[in-house]
Protein chains: 2
Amino acid sequence: MNAAELLSHHHLKKSSARISIIRALQELETPASEPEISNKMGIHYDRTTFYRSIQTMVEAGLIRKIVVDKLVVRYALRDKPDHAHFYCDNCQQLTCLEDIHPGPYRLPAGFQTRESDVIIRGLCNSCSNHLPIETIH
Amino acid sequence: MNAAELLSHHHLKKSSARISIIRALQELETPASEPEISNKMGIHYDRTTFYRSIQTMVEAGLIRKIVVDKLVVRYALRDKPDHAHFYCDNCQQLTCLEDIHPGPYRLPAGFQTRESDVIIRGLCNSCSNHLPIETIH
DNA sequence: TTCTTGGTGCAACATTGTTGCATTTGATAC
DNA sequence: GTATCAAATGCAACAATGTTGCACCAAGAA
């Protein structure tokens, strides 16, 4: 689905900033941070606009917000079923683990789930191959 | 275990700031943010000291850092087996779900787990009882 | 008690995000 | 197409959370 279709599918106005953000995320293919997305967007938008657009689309369920470690916040299109994410402590890359699905979890009485995140931290395959153990602090 | 014992158990110097942070966390009993912990600590310490002390103890495995939504970062003593956390979108309270244990996860070849987080967001029992649906945005 | 490593305070800065207000733009009706 | 209006955008200022460099002090060992 293209950007305009995604927006109308979620009953959102097709504004230029939103379309640009969605296209950037589609090109990046992996969950990306604000500066990464902004760089990928051709036109410059104010950071306020970025955050307000992202917030609207997160609330609409179009975009997923993945918080890893504070100062490392990533956004991804919600175009796949929910899955866990792997964060490499060494190269900071965030990898989608599409085979690992969160839950369902049996919560205590009265708790209502809206969303859940599974973040696994460690060393990715690339870093564990190329790095001697001692260099990893 | 008291603060001094916890520190020597993790081969860390028993500095006054660290002891104070650990005591505050023990009294709070629930994962708490920087301002919450600082308030609970009787003496005033510089925020730099707080962050450096926390970082040291997180790296040593004494304290666990739980990142929920950016701008909402909590710290907890690692005195229980790993478990999921529930974050209430309405009252911002973080609840330990000690019956829900993360993983073990089958990762693709080459990935090494160091730690994993399961964050479930939604409405806690208290908020879902007391609030009419419309007031929750 | 002295010595040395590393913990602490201060000042300045970085990143990520928010709020208020004026202006522009997208969607709808005409 | 044009008018209309709610909603999106830009700008400026601010807020929360965390980091870095440097001087000073304190904990633990000899």
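Residue numbering restarts at 1 for every chain, and letters A, B, ... go by the order of the sequence lines. Any value given below was found using the heavy atoms of this structure, including those in side chains, with hydrogens, waters and symmetry copies removed.
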Contact list for residues 4-27 of chain B, test ring pair (Phe, Tyr, Trp, His ring centres under 6.0 Å), sequence neighbours left out: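 Non-adjacent pairs meeting ring pair (Phe, Tyr, Trp, His ring centres under 6.0 Å): zero.
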Of the nucleotides [options], which one has an atom closest to the side chain of [X]?
X       : options                : value
B:Ser16 : C:dT19, C:dG17, C:dT8  : C:dT8
B:Pro35 : D:dT17, C:dT18, C:dG17 : D:dT17
B:Arg18 : C:dG7, D:dA8, C:dG20   : C:dG7
B:Arg47 : D:dG28, C:dG20, D:dT17 : D:dT17
A:Ala17 : D:dT17, C:dA27, D:dT9  : D:dT9
A:Gln55 : D:dT9, D:dG18, C:dT18  : C:dT18

Step-by-step side-chain contact (heavy atoms from CB on, under 4.5 Å) determination, A:Ser126 to A:Cys91: CA-CA 9 Å; A:Ser126 166; A:Cys91 69; over 6 Å; no
Pair B:Tyr75-B:Ser33, side-chain donor/acceptor within less than 3.5 Å: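 Not at all, the side chains of B:Tyr75 and B:Ser33 share no donor-acceptor pair under 3.5 Å.
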Any donor-acceptor N or O pair under 3.5 Å, side chains B:Thr56, B:Glu59: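 Per modelled atom types, B:Thr56 and B:Glu59 side chains form no pair under 3.5 Å.
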Touch class at under 4.0 angstrom, heavy-atom based, for A:Ser15 against every strand present: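 Counting heavy atoms under 4.0 Å across all strands, the contact made by A:Ser15 is with sugar-phosphate only.
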Sugar-phosphate, base or nothing in reach of B:Ser53, heavy atoms under 4.0 Å: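 The residue B:Ser53 makes sugar-phosphate contact but no base contact.
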Separation of [X] atom [atom1] from [N] atom [atom2], in whole Å?
X       : N      : atom1 : atom2 : answer
B:Lys14 : C:dT5  : NZ    : C1'   : 15 Å
B:Lys13 : C:dG6  : NZ    : C1'   : 4 Å
B:Glu59 : C:dG6  : CD    : P     : 14 Å
B:Phe50 : D:dT19 : CZ    : C1'   : 14 Å
B:Gln92 : D:dT17 : CD    : P     : 12 Å
B:Asn39 : D:dT17 : CG    : P     : 12 Å
A:His11 : C:dT28 : NE2   : P     : 12 Å

Pair B:His85-B:Cys96, side-chain contact (heavy atoms from CB on, under 4.5 Å): steps then yes or no: CA-CA 5 Å; B:His85 291 94; B:Cys96 295; 3.8 Å; yes
Residue closer to the 5' end of DNA chain C, A:Leu12 versus B:Lys70 (nearest nucleotide):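 Taking each residue's closest nucleotide, the earlier one in sequence belongs to B:Lys70.
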Given DNA chain C, 5'-ward residue of the pair B:Asp69 and B:His44, judged by closest heavy atom: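 The 5'-side residue here is B:His44.
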side-chain N/O B:Thr49 vs C:dG7 OP1/OP2, d < 4.0 Å: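 For C:dG7, neither OP1 nor OP2 has a side-chain N or O of B:Thr49 closer than 4.0 Å.
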Phosphate OP1/OP2 of C:dG7 contacted by B:Tyr51 side-chain N/O (<4.0 Å):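 Looking at the OP1 and OP2 atoms of C:dG7, neither is under 4.0 Å from any side-chain N or O of B:Tyr51.
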